[in-house]
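Along the sequence shown, the residues carry numbers beginning at 1. First listed ligand is number 1; within each ligand, the first listed atom is number 1.
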Amino acid sequence: MADKRNSEARRLAQLIKPRRKAYLLGLLGSSLMDSSMSLVFPLLIKLVLDAVTAKNMNTVGKICLEFSIIIALLICLTPLFQYLFGKTVKAIMIDFRLSVFHHMEKLPVAYYENTHSGDSLSRINNDLGVVENALSGNIRSIVSLLMTGVYSAVIMLFLNWKFAVVLILVGLVSTYVNSRFALPLRKISLEIQQGLGKQVERLMDLIAGAQVSRVFQMTGQMNRKYQVTNQLLAKLSIARSVRSAFLNSANYTLIWINNGGVFIFGTLLLIHGEITLGTLLSLILLLDHVTNLFRNLGSFWANLQSSFAGAARVFELLDIAEEPERHNNEAKNKAHKNESKQIIEFRNVSFSYGEGEKILDGLNLSIEKGHLVALVGPSGGGKSTILKLLLGFYPLEQGQIRFEGKRFTDYSLSEQRNKMAYVSQDSYLFEGTIEENIRYGRMDATYEEVVAAAKSAYAHDFIMEQSEGYSTSIGERGARLSGGQRQRITIARALLKNATILLLDEATSALDSESEQAVQMGLQRLMEGKTTITIAHRLSTIRQANMIYVIGKGRIMEQGRHADLLDAGGVYMRLHNMQDRKSK
Ligand SMILES: Nc1ncnc2c1ncn2[C@@H]1O[C@H](COP(=O)(O)OP(=O)(O)OP(=O)(O)O)[C@@H](O)[C@H]1O
């Protein structure tokens, strides 16, 4: 645990490193201003009272003038240091948020498939907010407290060392009591941060699943799940409050013992003539700062521990390995020489997600350049997994994929993906205009090229019917468009990319028969001279395919052209007949 804390502190220090000078100057400067402000008054009281007791009015005037200058200086410098500190913390956080964002961009698809988006969102929102608090509020409070307390103690030592020593000894008890509360508070804070993550997950489900939850009348279940996280959070917050309350009452007890004892001791010193009235008053005012140090150091430390809990969750996210430039686990197959002319070849490929069962099991398939190849077969057979492997979303476990005659790993992942365009069942549309969404296919495309792609995808007409044509904003995930319209925009985006290989995963599934026919025609035009791998459930759409692979349980069950497979009378024929009967 201590190691972990150290590592979080070290990593937070690393964050500050590029702006270390400005951060330290802002932090120490503003803390110095805070503590100086607190010390000016006790000193002024002592000096003025001593001068008044000595009836030395000239000195009183001089002291007042000097202190006026000091206070004016403090008033001018305080906002300057605070501005520097605030600005530096913001700059550090901007860089940090950006690096977290960049990291998330590079995380493997597997991370997103296996982690609830609410958890990630909570880490980059709530937990990063907590880190910002640590860098600004928490650390500054501790430094200010330390400075004020230590200065006050030093001044007290000068004013009367006996008084100061008694006070410090009593204060150490207070620090010990406070520090005992720090660790449990940190533990609860970590649980609260995790609970907040769960709560965001529930909220994400509520928003993203708004339609489904209404159709399936799920509000009861969703409410219950939300209640569970809410109650857990409430329980944890109460536990934290209870511990804080105990800490506070322990502190109040100590304050009274401390103040009472010190007051009696100070009065005795005054009666015995060891200190003046001015010194006693000044000591009593300084006393508050020193007891504050002993009393609050523990609880401020505990707050910092809570911030570390948030930081730990962000660093945990940052520690997840990014996608490599290339998957290199095929290196053991170096001996394999390429003698094939195929554009894509799977050789004895086996794959499973994590520790689970084999999804692909010694799969062999080859795809010729310019061909239209269809993958069909029962649900869960592994068709989409084949496309995911081609896109490099997962590394291979066994076997190899060859690509344009070379090993897959001879290409970087970005080179592989540059050669491919992908339209999946639920291709994502981004917040922005229709034009922007199509242009993501190729950022340097001209407006005319964007329009041409939209025309080929048979999207142009409905785009022109929108209020602002290509500049129409489509809303989150294209919520202001119909399913078929969304699909045609994603097809236009893929068309614009003009990649050598087209991967279509049920690309026309969301279209009505009329627009499906239109898109099929557009795709036909696009596929000329390109290699297309399409996953199709409706076998009527792949009659023209050069090769059809029937995939089941991660293996090829049958392969051939449409007519051959029908003649063979196997799985394909049964699927075909079933669909035929349904359509009639
Ligand atoms: N990210 C994942 N983690 C774990 N298992 C997964 C993951 N994605 C898919 N699977 C499993 O892999 C198997 C094959 O899935 P895949 O999506 O490749 O099948 P498919 O043939 O495309 O199915 P469908 O025709 O229904 O789309 C399924 O059993 C599925 O549950």
### Message
Side chain, backbone, both or neither: which applies to Ile359 and ligand 1 if a contact is any heavy-atom pair less than 4.0 Å apart?
### Response
side chain
Please list, in number order, the atoms of ligand 1 under 4.0 Å from a heavy atom of [X].
| X | value |
| --- | --- |
| Thr385 | 14 (C), 15 (O), 16 (P), 18 (O) |
| Gly382 | 14 (C), 18 (O), 19 (O), 20 (P), 21 (O) |
| Lys388 | 8 (N) |
| Glu113 | 1 (N), 2 (C) |

Whether [Y] and [X] form a salt bridge (side-chain N of Lys/Arg under 4.0 Å from carboxylate O of Asp/Glu) is what I want to check.
| X | Y | value |
| --- | --- | --- |
| Arg407 | Asp410 | yes |
| Lys388 | Glu113 | yes |
| Glu132 | Arg97 | yes |

### Task
May I ask you to check whether Lys383 has an N/O atom sitting below 3.5 Å from an N/O atom of ligand 1?
yes
### Query
Do Gly377 and ligand 1 have an N or O pair less than 3.5 Å apart?
no
### Task
Only one of Asn125, Asp119, Asn126 passes side-chain hydrogen bond (donor to acceptor under 3.5 Å, both in side chains) with Ser122; say which it is.
Asn126
### Task
Anything under 30° is parallel, anything over 60° is perpendicular, the rest tilted; go ahead and classify Phe393 against Tyr422.
perpendicular
### Query
Any idea how Tyr572 and His576 line up, ring-wise: parallel (<30°), tilted (30 to 60°), or perpendicular (>60°)?
parallel
#### Entry: Closest to atom 5 (N) of ligand 1 (judged by heavy-atom distance), picking from Tyr394, Tyr353, Phe393
Tyr353
